[in-house]
Q: 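Pasting a structure here, questions to come.
All chains are named by letter (A, B, ...) in the order of the sequence lines, taking the proteins before the strands, and each is independently numbered beginning at 1. All values derive from a computational prediction rather than experimental measurement.
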Amino acid sequence: MSEVRVRFAPSPTGKLHIGGARTAIYNWAFARAMGGKFILRIEDTDPERSTQENIDLIIRAMRWLGLDWDEGPEIGGAYGPYLQTKRFDTYKVALEKMKENGSTYPCFCTSEELAQRREAVQKGADPEPDPCRCLAHDEAQARIDAGESHVWRLKVPQDRGIITVHDAIHGDSEFDAALQDDMVLVRSDGSPTYNFAVVCDDVNMKMTHIIRGDDHLSNTPRQVLVYEALGYPTPVFAHLPMICGPDGKKLSKRHGAASVEEYRDMGYLSDALFNYLALLGWAPDGETTIFSRDEMASKFTLERVSKNPSALDYDKLEWLNNQYVQSMGAVAFVDAIKGDLIDAGYCADDADVEAKRDLLEAAYPLVCERVKLMVDAVPMIAYLLADEVELDEKSVQKVLQKEGKGAKTAILEAAAALENCEWKVETIEAALRGLLEKLDAKPRLVFQPIRVAVCGNMVSPPLFESIELLDRSVVLKRLAKAAEVALD
RNA sequence: GUCCCCAUCGUCUAGCGGUUAGGACGUCGGCCCUUCAAGCCGAAGAUCGCGGGUUCGAAUCCCGCUGGGGGCGCCA
C-alpha cells in the first residue's frame with residue numbers, strides 16, 4: 001500500500017474549535033502511527049467569513065497543542081498551495097473534465113425558483129429533477145454565451161444504483177443514488193462549493209484517508225459521485241462521532257468555552273487538553289487514561305475509534321489537568337506561570353522572574369497537587385511573593401476572633417518561638433510543635449491562627465514549608481500584625 | 001418529511017458467542033491529618049434502550065421498535 005496521507009482541513013471562519021482540534025489530533029495520530037504524512041489545508045472558499053487572522057489563530061492553536069504537519073500553508077509541500085482560494089485553477093480543470101464527460105450541467109434556475117421547489121418538497125411533493133438537467137446542449141451553450149447567470153451541477157447518473165461508502169469506523173453505509181440531488185459544484189461567480197473543492201483537493205493532494213466529523217457522513221455519497229465523475233478511486237473514510245456539551249446536547253455557545261485558546265486561557269495545560277481530547281472517542285485499551293502524544297502516535301488505530309458521540313466532562317478534564325500539573329516539574333511550572341506573575345505585578349519582567357526563580361520553584365511542591373487550573377497558581381502562592389499579606393475576612397472571623405480559643409496567645413507564642421530558631425522546616429516545625437505542649441492545646445487551635453497570620457487564609461498550602469520560604473522578619477511582622485486583631 | 005448514523009454505570013470507555021460485565025472521572029465512606037488538597041483503601045452505581053429471533057449459550061450475530069444525533073444551501 002502506498003504511503004498514508006491524511007489532512008486536517010479547517011475553514012478559517014473562527015478560532016480552532018474543540019471538535020476540530022480533536023479531528024486534527026486523530027488525523028495527526030493516524031499519520032504518525034502509519035508512518036504517513038499529515039497535511040494542513042485551509043478551506044477558505046467562503047470569502048465572507050474567512051480571515052487571515054483566523055488562519056494564524058488556528059495554526060497557533062494547533063502548534064500549542066503539540067501538533068506538527070508535513071505540508072501546509074506556511075511550510076509548503078509538493079502538493080500545494082494549501083489554501084483553497086489559491087487552487088481555483090485546479091477546480092477549473094476538474095470542471096472542464098466533467099463537462100467533457102457529461103457529468104455536470106449548467107443550471108440557470110434562480111434562487112427563488114429553487115426555494116419554491118424546496119418548499120414544495122418539504123410539504124410532501126415528490127422531488128422533481130432539475131429542469132435544466134434536460135436542456136439541450138446547444139440551448140444551454142447559447143444561454144451561457146448570452147451571459148445568463150448559471151451554476152454547474154453534478155449530474156447524478158440515473159442508473160448508478162447503490163453507493164457504498166467504506167468507512168473505517170462505521171463499516172459500509174449504503175445510499176441510494178436516486179435520492180441524491182444534483183448538488184452545485186461551481187457557483188455563479190465561478191467559485192467552487194465545499195463539496196466540490198474538497199474532492200478536487202483530496203484527489204490532487206493524494207489523500208488516502210479522509211478523517212473528519214460525523215456530520216459529513218451524509219455528504220459523502222455525493223462526494224463519491226464526484227470522485228467517480230473525475231475518474232478517481234475513493235479514499236477510505238473515517239467519520240468521527242461528534243462532541244457534545246456536558247448535557248449531551250450539541251456543543252454551542254451556551255456551553256461556554258468552545259475554542260482551544262479559551263481552554264488555554266482558562267488554565268488547561270496543552271498536554272492535558274491533548275490527552276483529554278484524545279480520550280474522547282478513543283482508548284488505547286480498557287485501562288490506560290493518561291498517555292503522551294508519542295504513546296498515542298504509536299498505538300492509534302481507526303478501528304478503535306468509538307462510534308458514539310461523547311459529552312464533555314469538565315470534572316475529568318480538571319482532574320487530568322491536575323495530574324499533569326503534578327508531574328510537570330518545578331521548572332516547567334515556573335515557565336508556565338511566568339506571564340501571570342508579571343501580569344499580576346509580582347514580577348517586573350522575565351529577568352525578575354529568573355531572579356526569584358529559586359523561591360518560585362520551591363513553591364511548586366507546596367501547591368502542585370492543589371492547582372487544578374494554571375490560573376489558580378499565582379493567587380495561590382501570592383502570600384509567598386509579597387511582604388504584606390491581606391487577611392481573609394472570613395478566616396479572621398472564624399479563626400482569629402473566635403473567643404475562648406486562644407488564638408492571640410498562640411500567635412504571640414509562635415512569634416516568640418520563631419524569634420531565634422534555626423530557619424529550616426524541621427526546626428520551625430519542632431519549635432511550633434513545642435507550643436502544643438506548652439499551651440496544652442489541640443493542633444488546630446494553635447496552627448490555624450498561625451496559618452491565617454502567615455498565609456492570610458485558613459486554607460493554604462503546608463504551613464511549615466511556607467514559613468521556611470518566607471524571611472524570618474516577614475513572618476514575625478505578619479504574626480505581630482495578626483496578633484493585633486486576634487482574640488483569646 | 002426523507003435519508004443516514006448511533007445506543008454498556010450520571011460521564012468517558014473496555015468488551016468483539018461462555019467474564020462475578022473491567023477501568024477512569026464524579027459521588028459516598030474510611031485512613032492520613034494543623035487547613036485545603038493530594039495520596040491510599042473501600043462502597044454504591046449498568047436487568048448492557050425495548051421486543052423478537054439465531055444458538056446449548058448473546059452486551060456481543062440477525063430483524064423490528066423506541067429514543068437521540070446528523071445531512072438534505074450558490075455554508076463549510
Q: Rounded to whole angstrom, note down the P distance from B/rU11 over to B/rG49.
A: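 B/rU11 and B/rG49 have their P atoms separated by 12 Å.
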
Q: Determine the interplanar angle of the A/F333 and A/Y364 rings, folded into 0 to 90°, and report it as parallel if under 30°, tilted if 30 to 60°, perpendicular if over 60°.
A: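 Tilted.
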
Q: Between B/rC32 and B/rC12, how many Å separate the two P atoms, rounded to a whole number?
A: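 Going atom to atom, P in each nucleotide, I get 37 Å.
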
Q: Can you tell which of B/rC4, B/rA76, B/rG15 lies closest to the side chain of A/R304?
A: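 The answer is B/rG15, which lies nearest to the side chain.
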
Q: Hey, does A/Q323 reach any base, or is it just sugar-phosphate, or nothing, if we go heavy atoms under 4.0 Å?
A: sugar-phosphate

Q: To the nearest Å, how far apart are A/E112 CD and B/rC74 C1'?
A: 12 Å

Q: Of the nucleotides B/rC72, B/rA38, B/rC6, which has the atom closest to the A/N219 side chain?
A: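 Nucleotide nearest to A/N219's side chain: B/rC72.
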
Q: What nucleotide among B/rC36, B/rA37, B/rC5 has an atom nearest to a side-chain atom of A/L217?
A: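 Per side-chain heavy atoms of A/L217, the pick is B/rC5.
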
Q: In whole angstrom, give me the gap between the P atoms of B/rC40 and B/rG23.
A: 15 Å

Q: Would you indicate, yes or no, if B/rC6 has its OP1 or OP2 atom less than 4.0 angstrom from a side-chain nitrogen or oxygen of A/H170?
A: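 Yes, within the criterion.
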
Q: When we call it a touch if two heavy atoms are under 4.0 Å apart, what does A/F464 touch: a base, just sugar-phosphate, or nothing?
A: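 Base, at least one base heavy atom under 4.0 Å.
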
Q: Where the side chain of A/S218 is concerned, which of B/rC12, B/rC4, B/rA37 is the nearest nucleotide?
A: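 That would be B/rC4.
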
Q: Measure from CG on A/N457 to C1' on B/rA37 and round the result to the nearest Å.
A: 13 Å

Q: Classify A/H239 by what it touches in the nucleic acid, base, sugar-phosphate, or nothing, heavy-atom distance under 4.0 Å.
A: nothing

Q: Tell me whether A/K307 is salt-bridged to A/D214, with the criterion being a basic N under 4.0 Å from an acidic carboxylate O.
A: no

Q: Short of 4.0 Å, heavy atom to strand atom, which residues of residues 176-183 of chain A count as contacting RNA chain B?
A: A/L179, A/D181

Q: Nearest whole angstrom, please: distance from the P of B/rC12 to the CH2 of A/W282.
A: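 Distance check: A/W282 CH2 to B/rC12 P gives 18 Å.
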
Q: When you measure from the side-chain N and O atoms of A/R187 to the phosphate of B/rA76, is any distance below 4.0 Å, counting only OP1 and OP2?
A: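 Yes, within the criterion.
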
Q: Tell me, please, whether A/F108 has A/R143 positioned over its six-membered ring: NZ or CZ under 6.0 Å from the ring centre and within 45 degrees of its axis?
A: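 Satisfied, under 6.0 Å and within 45°.
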
Q: Verify the contact: side-chain N or O of A/N308 to OP1 or OP2 of B/rU8, cut-off strictly under 4.0 Å; return yes or no.
A: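 A/N308 to B/rU8 OP1/OP2: side-chain N or O found under 4.0 Å.
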
Q: Rounded to whole angstrom, note down the P distance from B/rG57 over to B/rG69.
A: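 Per the computed distance, 37 Å lies between those P atoms.
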
Q: Can you tell me, in whole Å, how much space there is between the C1' of B/rC25 and that of B/rA38?
A: 16 Å

Q: Map A/A283 and A/G171 onto RNA chain B by nearest heavy atom, then report which one ends up closer to the 5' terminus.
A: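 Its nearest nucleotide lies further toward 5', so the answer is A/G171.
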
Q: Can you build the contact string for nucleotides 16-25 of chain B? Use B for base contact, S for sugar-phosphate-only contact, and - for no protein heavy atom under 4.0 Å.
A: ------BBBB

Q: Regarding A/E468 and A/K424, does a basic nitrogen lie under 4.0 Å from an acidic carboxylate oxygen?
A: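 Answer for the salt bridge query: no.
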
Q: Determine the interatomic distance between C1' on B/rU8 and the same-named atom on B/rA46; round to the nearest Å.
A: 6 Å

Q: Do any N or O atoms from the side chain of A/R187 and from the backbone of A/P192 form a donor-acceptor pair under 3.5 angstrom?
A: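 Confirmed, A/R187 side chain pairs with A/P192 backbone.
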
Q: Judged by atom type as modelled, is there a donor-acceptor pair below 3.5 Å linking the side chain of A/D285 to the main-chain atoms of A/T288?
A: yes

Q: Is A/G248 touching bases, backbone alone, or none of the nucleic acid, heavy atoms closer than 4.0 Å?
A: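 Touches nothing.
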
Q: Take atom CZ of A/F175 and atom C1' of B/rU2, then tell me their distance rounded to the nearest Å.
A: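 Nearest whole value for this atom pair: 13 Å.
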
Q: Could you check whether the rings of A/F300 and A/F30 sit parallel, tilted or perpendicular, using 30° and 60° as the cut-offs?
A: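 Rings of A/F300 and A/F30: perpendicular, over 60°.
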
Q: Between the side chain of A/T164 and the main-chain N/O of A/E174, is any donor-acceptor distance below 3.5 Å?
A: no

Q: With a 4.0 Å cut-off on heavy atoms, is A/S460 in touch with a base, just the backbone sugar-phosphate, or nothing at all?
A: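 Answer is base: heavy atoms of A/S460 come under 4.0 Å of a base.
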
Q: Is it true that A/D130 and A/R153 have a side-chain N and a carboxylate O under 4.0 angstrom from each other?
A: yes

Q: Tell me which nucleotide among B/rC12, B/rC74, B/rU35 gets nearest to the side chain of A/T193.
A: B/rC74

Q: So which one's nearest nucleotide on RNA chain B is more toward 5', A/M242 or A/Q84?
A: A/M242

Q: Should A/D89 and A/K92 count as an ion pair when the cut-off is N to O under 4.0 Å?
A: no

Q: Heavy atoms only, 4.0 Å cut-off, all strands: where does A/V184 land among base, sugar-phosphate and nothing?
A: sugar-phosphate

Q: Using a cutoff of under 3.5 Å, can you pull out all pairs of nitrogen or oxygen atoms linking the protein to nucleotides 62-65 of chain B, with atom names and distances?
A:
none

Q: If every non-hydrogen atom of A/C368 is compared with every non-hydrogen atom of A/V325, which pair is closest and at what distance?
A: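 Heavy-atom minimum between the residues: O-CG1, 3.5 Å.
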
Q: Expressed in angstrom and rounded to an integer, what is the separation of A/N321 atom CG from B/rA38 atom P?
A: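 Distance, rounded to whole Å: 13 Å.
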
Q: Take A/Y383 and A/S466 through the test side-chain hydrogen bond (donor to acceptor under 3.5 Å, both in side chains) and record every step on the way to the result.
A: CA-CA 9 Å; A/Y383 72 101; A/S466 296; 2.6 Å; yes

Q: Would you kindly give the OH-to-P distance between A/Y276 and B/rU11, to the nearest whole Å?
A: 12 Å

Q: Checking all strands, does A/P10 fall into the base, sugar-phosphate, or nothing category for heavy-atom contacts under 4.0 angstrom?
A: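 Nothing, no nucleic acid heavy atom in range.
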
Q: B/rC48 and B/rG10: how far apart are their C1' atoms, nearest whole angstrom?
A: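 Rounded to whole Å, the distance is 16 Å.
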
Q: Is any side-chain N or O of A/T220 closer than 4.0 Å to OP1 or OP2 of B/rC4?
A: no

Q: Checking all strands, does A/E174 fall into the base, sugar-phosphate, or nothing category for heavy-atom contacts under 4.0 angstrom?
A: sugar-phosphate

Q: Cation-pi between A/R444 and A/F447: NZ/CZ under 6.0 Å from ring centre and within 45° of the ring axis?
A: no

Q: Less than 3.5 Å between a donor and an acceptor, one on the side chain of A/S188 and one on the base of B/rC74, is that the case here?
A: yes

Q: Does the ring of A/F8 carry A/R41 above it, NZ/CZ under 6.0 angstrom from centre and within 45° of its axis?
A: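 Geometry flag: not set, cation outside 6.0 Å or 45°.
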
Q: Using 30° and 60° as the class limits, which term best fits the ring planes of A/F237 and A/H239: parallel, tilted or perpendicular?
A: parallel

Q: When you compare B/rG64 with B/rC75, how far apart are their C1' atoms, in angstrom units rounded to a whole number?
A: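 So the two C1' atoms sit 37 Å from each other.
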
Q: Of the nucleotides B/rC6, B/rA76, B/rC4, which one has an atom closest to the side chain of A/Y194?
A: B/rA76

Q: With a non-hydrogen cut-off below 4.0 angstrom, is A/T45 in contact with a base, only sugar-phosphate, or nothing?
A: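 Sugar-phosphate, backbone atoms only, no base.
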
Q: Nearest of B/rA37, B/rU35, B/rC5 to any side-chain atom of A/D214?
A: B/rC5

